[in-house]
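None of the values given here were measured: they were computed from a predicted structure.
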Amino acid sequence: MAVSAYQHLLEHVGDDGLTLTGANYLKPSDVRVIADGLPSMAEWIFPITREVNVLPVHGFRVSAERLGLVRRRQGSLSLTRAGRDARSDPRLLWDRLRQRLLPTTPAFDVAAGAIVALHLATTPRFAIDSQDISHILTALGWAHAGGRPVLASDVIAVRNTLWDCVGNVGPWAGTRWERRLSQDAVSLIRDALVTQVPLEG
């Protein structure tokens with residue numbers, strides 16, 4: 001199922017929520033449970049302990065917050081109303097991801113997000129050329145204060161945010177050395193681009 005990783009997270013959080021550590025991270029026992037449901041953990045070869053050290057789990061949890069499915073508050077991780085509604089409804093969950101996948105603010109992230117998403121969906125490997133995309137954004141008129149051009153690191157930040165979501169949609173399609181998107185993830189990007197990027201004409 002395309003959205004099973006998100007359903008796994010929502011089911012584990014449950015109606016009672018999860019108690020977080022003093023530093024506001026998931027407890028190691030919860031990190032291990034969530035890791036079991038993540039396609040992006042398929043090639044993980046390191047210990048599964050603290051959330052801050054298990055980057056796929058951390059990124060995925062942050063993406064679920066960004067998508068409005070869970071929230072951290074007063075030392076716990078709990079479901080939002082959208083998370084409760086989508087927990088047992090794959091179609092509703094897909095729609096939530098489709099509507100929230102791409103950034104809506106700030107303006108640079110909106111532009112960069114659409115371009116990065118298009119490259120992710122049309123590049124066989126995850127290793128898209130962030131430098132090329134930074135040149136595209138600079139040519140479109142984006143720049144740092146003082147007129148400095150957009151940097152590859154600016155693109156990488158947007159790319160990684162998108163990966164944390166789409167890399168866990170559908171079955172794992174990569175290898176230990178190379179991340180690839182599943183066909184389900186490509187479909188999600190297509191639906192998000194149609195939904196979120198306005199067409200002018």
Side-chain angles (χ1 to χ4, degrees), residues 1-13 31 34-44 51 54-70 80 82-83 86-87 89-106 108-130 132-134 136-137 152-197:
M1 188 184 305
V3 294
S4 59
Y6 281 97
Q7 285 189 294
H8 178 74
L9 171 67
L10 299 178
E11 287 290 345
H12 183 60
V13 174
V31 171
I34 294 168
D36 283 343
L38 294 190
S40 61
M41 286 293 294
E43 305 292 338
W44 187 257
E51 181 189 356
V54 187
L55 298 182
V57 172
H58 176 68
F60 182 68
R61 190 264 299 164
V62 171
S63 81
E65 290 183 27
R66 184 177 67 82
L67 293 163
L69 297 170
V70 297
T80 62
R87 178 171 48 179
D89 189 334
R91 183 172 298 179
L92 187 61
L93 187 49
W94 180 272
D95 283 344
R96 184 74 178 186
L97 270 58
R98 171 179 59 83
Q99 294 164 4
R100 298 283 187 110
L101 176 66
L102 300 180
T104 56
T105 57
F108 171 80
D109 285 5
V110 174
I115 295 171
V116 169
L118 183 60
H119 276 71
L120 283 175
T122 56
T123 303
R125 300 179 301 151
F126 178 72
I128 61 174
D129 194 324
S130 299
D132 279 354
I133 295 175
S134 71
I136 292 170
L137 289 162
S153 58
D154 301 319
V155 174
I156 290 170
V158 174
R159 181 198 68 181
N160 288 345
T161 297
L162 284 172
W163 168 261
D164 288 333
C165 175
V166 296
N168 288 294
V169 171
W172 177 246
T175 68
R176 177 168 295 181
W177 310 113
E178 184 176 89
R179 292 185 284 183
R180 294 176 183 265
L181 294 183
S182 69
Q183 283 305 118
D184 291 320
V186 171
S187 295
L188 177 62
I189 289 174
R190 177 201 62 204
D191 289 356
L193 286 168
V194 170
T195 300
Q196 294 183 247
V197 178

*If the plane angle is over 60° it's perpendicular, under 30° parallel, otherwise tilted; pick one for Y6 and F60.*
tilted
*List in chain and number order the residues that pass ring-ring contact (aromatic ring centres under 6.0 Å, His included) with H58, two or more places apart in sequence or in another chain; answer none if no residue qualifies.*
Y25
*Which value, rounded to the nearest 0.5 Å, describes the distance between R98 atom CZ and R190 atom CZ?*
11.0 Å
_What's the separation between atom OG in S40 and atom CG in D164, rounded to the nearest 0.5 Å?_
8.0 Å
*Just by distance, do the side chain of T80 and the backbone of L69 share a donor-acceptor pair under 3.5 Å?*
yes
*Rounded to the nearest 0.5 Å, how far apart are CG of L102 and CG of L97?*
11.0 Å
_Can you give me the closest heavy-atom contact between I136 and H119, atom names plus distance?_
CD1-CE1, 4.2 Å
*How far apart are the closest heavy atoms of A82 and G68, and which atoms are they?*
CB-O, 3.8 Å
*Identify the two heavy atoms, one from A121 and one from I189, that lie closest to each other, and give their separation to 0.1 Å.*
CB-CG2, 3.7 Å
*Would you sort out whether C165 and L101 count as a side-chain contact (heavy atoms from CB on, under 4.5 Å), showing the intermediate values?*
CA-CA 8 Å; C165 175; L101 176 66; 3.6 Å; yes
_Residue pair W94 / D184: nearest heavy atoms and the distance that separates them_ = CH2-O, 3.4 Å
*asked:* Rounded at 0.5 Å granularity, tell me how far CE in M41 sits from CG in L55.
replied: 9.5 Å
*Worked verdict on L137 versus F108 for side-chain contact (heavy atoms from CB on, under 4.5 Å)*: CA-CA 9 Å; L137 289 162; F108 171 80; 3.9 Å; yes
*Going from CG on L93 to CG on L10, what distance comes out if it is rounded to the nearest 0.5 angstrom?*
6.0 Å
*asked:* Nearest 0.5 angstrom please: I34 CD1 to N168 CG, how far?
replied: 11.5 Å
_Main-chain N/O of V116 paired with R159 side-chain donor or acceptor, under 3.5 Å_ = no
*Over all heavy atoms of both residues, which pair between R180 and W163 is shortest? Give the atoms and the distance, please.*
O-CH2, 3.8 Å
*Quick check: does any side chain N or O of E65 sit under 3.5 Å from a backbone N or O of V70, one acting as donor and the other as acceptor?*
no
*Of all heavy-atom pairs between P39 and G170, which one has the smallest distance, and what is that distance?*
CG-O, 3.3 Å
*Is a side-chain donor or acceptor of R66 paired with a backbone partner of R100 at a separation under 3.5 angstrom?*
yes
*Donor-acceptor contact present, side-chain S182 to main-chain V169, <3.5 Å*: yes
